[in-house]
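Reminder, nothing fancy here: chain letters follow the sequence lines and each chain counts from 1. Below, each value reflects all heavy atoms present in this structure, side chains not excepted, and no hydrogens, waters or symmetry copies.
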Amino acid sequence: MNQQLLTTTQAVDPVFIWIFGISAFLLLGITAVTVWFLIRYRRSRSPEPTSQVSGSVWLEILWVALPTFLVLGMFYYGWAGYLALRNVPKGALQVTATARMWSWSFTYANGKTSSKLYVPVGRPVEVNIVSEDVLHGFYIPAFRIKRDAVPGMKNHAWFVASNAGSYDLFCSSYCGVGHSAMITTVEAVPEAAFIAWLTEQNPAGAKRGQEVLKSQGCLGCHTLDGTKAVGPTFKGIWGHEVTVVTNGTERTITVDEPYVRRSLEQPNADIVKGYPAVMPAFKLSPDEVAAIIIALKGTAE
Amino acid sequence: MTNSEATTVQDERGFWKDTGKTGITSWIFSTDHKRIGFLYFYTVFSFFLVAVILGILMRIELMAPGRTIMGPQTYNALFTVHGVIMIFLFILPGFQGVFGNLLMPIQIGARDVAFPRLNLLSWWIYITGAATIITSLFTGSGPPDTGWTFYVPFSARTGTNVTLAVFGVFLIGMSAILTGLNFVTTIHRLRAEGMTWGRIPLFVWSVYATAWVQVLATPILGITLLLIIAERVLGAGLFDPGRGGDPLMYQHLFWIYSHPAVYIMILPAMGVISEIIPVFSRKPIFGYGMIAMSSLAIAAAGSLVWGHHMFTSGMSDLAVLVFSFLTFVVAIPSAIKVFNWVSTLYKGSISLEAPMLFALGFILLFSIGGLTGLILGSAATDIHVHDTQFVVGHFHYVIFGGSGFAFFGAMHYWFPKFFGRRYREKLALAAWILLFIGFNVMYFSMMVLGVEGMPRRYYDYLPEFHALNLTSTFGSWILFAGMVIMLVNLFHGLLRGEPVERNPWGGATLEWSIPTPPPTDNFVEEPVVTHGPYDFKGSGIP
């Protein structure tokens, strides 16, 4: 970067200070005047009203003009800050954020995917935001940015992390039972570490399967440690007999490869008894499905 | 209280007794605007109490991170039902249905509204809609879990009972349209001799502006809700991008109604405040014309600001520019009202009785709600706080701190008129103090949480948000305690309160000139109006 880059936080925070400042001043002023009137003109001290004045043209003009002037200033300042959020600096790193019920997945230009948003410190990042099902919201409070993920639409936002660290990333637009669990982090790391991470291959075998479970958000609802969550745990599920509800009737099946494949494509065809039918369908590549199956087999041991 | 006084009150029970008819049918088939007003009051207020309990349960769940007393699906249904009841069953029909009905005809010197039977039909449609919504909670596959905004595509996909709930809201919209038509006609046609437009009480002005919003904006809600039903039942695909639809179109249609609806909630509240402040200051309202015109300005400009709910949605930047600008324009008439109310106090003789306390509470809380609205109107800052707890805090300051406190104030102000008895002033003061403190502890904490980045509609949250959530929950208990004391006090006053004469506060509007409680025909003789609504000297009030 040749010139000093204005971060999104630096674009927004002065507007907050300006509007909060004026608001606090007005509120204190109104409250102080009211309290003073209440004390000065209380009935015990002022048994009769000493004026029957019912208006003043000059005062009315004053308090039409004063708020008009103030709010137009706020409007302009707010708009200028908003433009800074919309205009992406040249040369920004491109990442696609895919939202689905109820997880985030980030895809980089070289095809690498991740459930956390890794970014290099000091380099602007443009996030292209898409949704696979319902509305979601891409929100990073630390960078003051938010943009909805709308199915059928491509939205964008940008930010730059000035310091290395881990920042919360929330889903801000209500999306169902897993809404508040649809959170992850932005991991801002030095440029060199980022390049090393980006070029590292996605792992293979069971490790790869666990990566897929994580990046696809499966672990948002299914645990690996035996805890009951929104969906049944994966621990020891492989080869196990479970009672499922199919079209309203109960039957017992064994968790095997066909069942796992069917559960990914038509998740609500066979619902494990006692759990809600809320899982969305997943379209995964054949090697991702194979990796998941290896990982599930691994949890049985 | 002596026996003879009690008998006097019993003998002169006005519209409660003078038709000679008793029993439930004399109420639910009555065309008397006062009886219909009370039908609305008891129904909307019961729903309000139910939704308060739901709110308290939500706050208990949020006391600590993770599961406290319920699971996520239950929590999502709770905030949906809390919102739907508070908005559609309480505050939207509340002011017009209760205080519009009870007072507007008397304040303009009429015997009743223009179409009394249509008025009764409005209540019946309302109660049918309410019953439909309540049914949707207990039938099908569970209560709706979409939030009160019913955003697509989620509302089109969820398996919960959305269709029935949405149909109930549609019916309630029909009821509001009929009420609006009725009130506009009444105010135009049935004013008493001498009740010129310049002598209409400001409460009636606000009822008038609100009625226009009801008539003009509610049909769009009706259409939007029918489109959701078409989407769910017929698979219309209007909002489904997979079939060429657009989810953003739903948001536009929804907010074209639902933002003006905020003004349906707040305008009559402002009217109540404009009645109370002059009476308890014994001074004419400052800037009558400006307050009346600012109601109309808010109703008009408020219809053009809906897009500020969509700054992060992906709507074009040009639309953000226009809607942000228009939003700031609405701030101006609201500010004018606040300045005029405060100026009315100047050189008055101020009595801090319960209605006045609620009015002053309104001014402060509504000001905080309005000023935090500036943060949401400004495009840059809205991006950060949109869809966070800040928004939840902000709109509760406007709708609860504003409309809610005005509703309580109106209950205390007109209580003696309709029941002929008084509540205890000291208990009312105690209740008000608890309500005011509890309210601020509860909702100010939420606004801080929002600025810190906690999103709304979150069942669970990160540990850093714990302290403020706990504080907010404590606030909800203080608020609830205040509400219980207020209700006990009013109920006790209703049964045992000291009897009052026709004009306990020294008001100059027409309702204070007729017997207490008002007789069914309101006026013994056709009134002839010779003075303005706040001309205390001219109307011979000491």
### Query
What do the steps show when you test B:Ser349 against A:Arg43 for side-chain hydrogen bond (donor to acceptor under 3.5 Å, both in side chains), and what is the final call?
CA-CA 5 Å; B:Ser349 166; A:Arg43 196 157 289 172; 3.2 Å; yes
Minimum heavy-atom separation for [X] and [Y], please, with both atom names.
{"X": "B:Ile383", "Y": "A:Lys146", "answer": "O-NZ, 2.9 Å"}
{"X": "A:Leu38", "Y": "B:Leu345", "answer": "CD2-CD1, 4.2 Å"}
{"X": "A:Pro151", "Y": "B:Pro247", "answer": "O-CG, 3.9 Å"}
{"X": "A:Pro141", "Y": "B:Glu452", "answer": "CB-O, 4.3 Å"}
{"X": "B:Ala380", "Y": "A:Val12", "answer": "O-CG1, 3.8 Å"}
{"X": "A:Pro49", "Y": "B:Arg282", "answer": "CG-O, 3.1 Å"}

#### Entry: Residue from B:Leu374, B:Thr372, B:Leu371 passing side chain to side chain contact (heavy atoms under 4.5 Å, CB included) with A:Ile19
B:Leu374
### Task
Start with the C-alpha gap between B:Ser343 and A:Trp63, add the side-chain angles, then the distance that decides, and say whether side-chain contact (heavy atoms from CB on, under 4.5 Å) holds.
CA-CA 11 Å; B:Ser343 306; A:Trp63 58 53; 3.0 Å; yes
### Query
How are the rings of A:His179 and B:Tyr458 set to each other: parallel, tilted or perpendicular (split at 30° and 60°)?
perpendicular
### Message
Parallel, tilted or perpendicular: which one describes the rings of B:Phe311 and A:Tyr82, with boundaries at 30° and 60°?
### Response
tilted
Gap separating the [atom1] atom of [X] from the [atom2] atom of [Y], nearest 0.5 angstrom:
{"X": "A:Leu59", "Y": "B:Phe286", "atom1": "CG", "atom2": "CZ", "value": "5.0 Å"}
{"X": "A:Phe75", "Y": "B:Phe328", "atom1": "CZ", "atom2": "CZ", "value": "8.0 Å"}
{"X": "B:Ser281", "Y": "A:Arg42", "atom1": "OG", "atom2": "CZ", "value": "15.0 Å"}
{"X": "B:His384", "Y": "A:Ile140", "atom1": "NE2", "atom2": "CD1", "value": "12.0 Å"}
{"X": "B:Ile336", "Y": "A:Thr68", "atom1": "CD1", "atom2": "OG1", "value": "7.0 Å"}
{"X": "B:Thr381", "Y": "A:Phe16", "atom1": "OG1", "atom2": "CZ", "value": "5.0 Å"}

### Message
Counting heavy-atom pairs closer than 4.5 Å to chain A, which one of B:Gly348, B:Ser324, B:Pro72, B:Pro241 comes out on top?
### Response
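Maximum pair count with chain A is reached by B:Gly348.
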### Message
Which one wins on heavy-atom pair count under 4.5 Å against chain A: B:Val320, B:Leu360, B:Val338, B:Leu364?
### Response
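Maximum pair count with chain A is reached by B:Val320.
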### Query
Residues of residues 166-176 of chain A under 4.5 Å from chain B (heavy atom pairs)?
A:Asp168, A:Phe170, A:Cys171, A:Ser172, A:Ser173, A:Tyr174, A:Cys175, A:Gly176
#### Entry: Which atoms of B:Val451 approach chain A - backbone, side chain, both or neither, heavy atom under 4.5 Å
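Answer is side chain: those atoms of B:Val451 sit under 4.5 Å from chain A.
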### Query
In terms of heavy-atom proximity below 4.5 Å to chain A, should B:Leu321 be classed as side chain, backbone, both, or neither?
both
### Task
Would you confirm whether the ring centroid of B:His386 sits within less than 6.0 angstrom of the ring centroid of A:Tyr139?
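No, too far apart.
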### Query
Which atoms of A:Leu70 come close to chain B, meaning under 4.5 Å heavy atom to heavy atom: side chain ones, backbone ones, both, or neither?
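Nothing of A:Leu70, per the 4.5 Å heavy-atom cut-off to chain B.
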## Note on the structure
Okay, A:Thr8 and chain B: the region with an atom under 4.5 Å from a heavy atom over there is neither
### Query
Do the side-chain N and O atoms of A:Asp148 and B:Ser313 include a donor-acceptor pair separated by under 3.5 angstrom?
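No.
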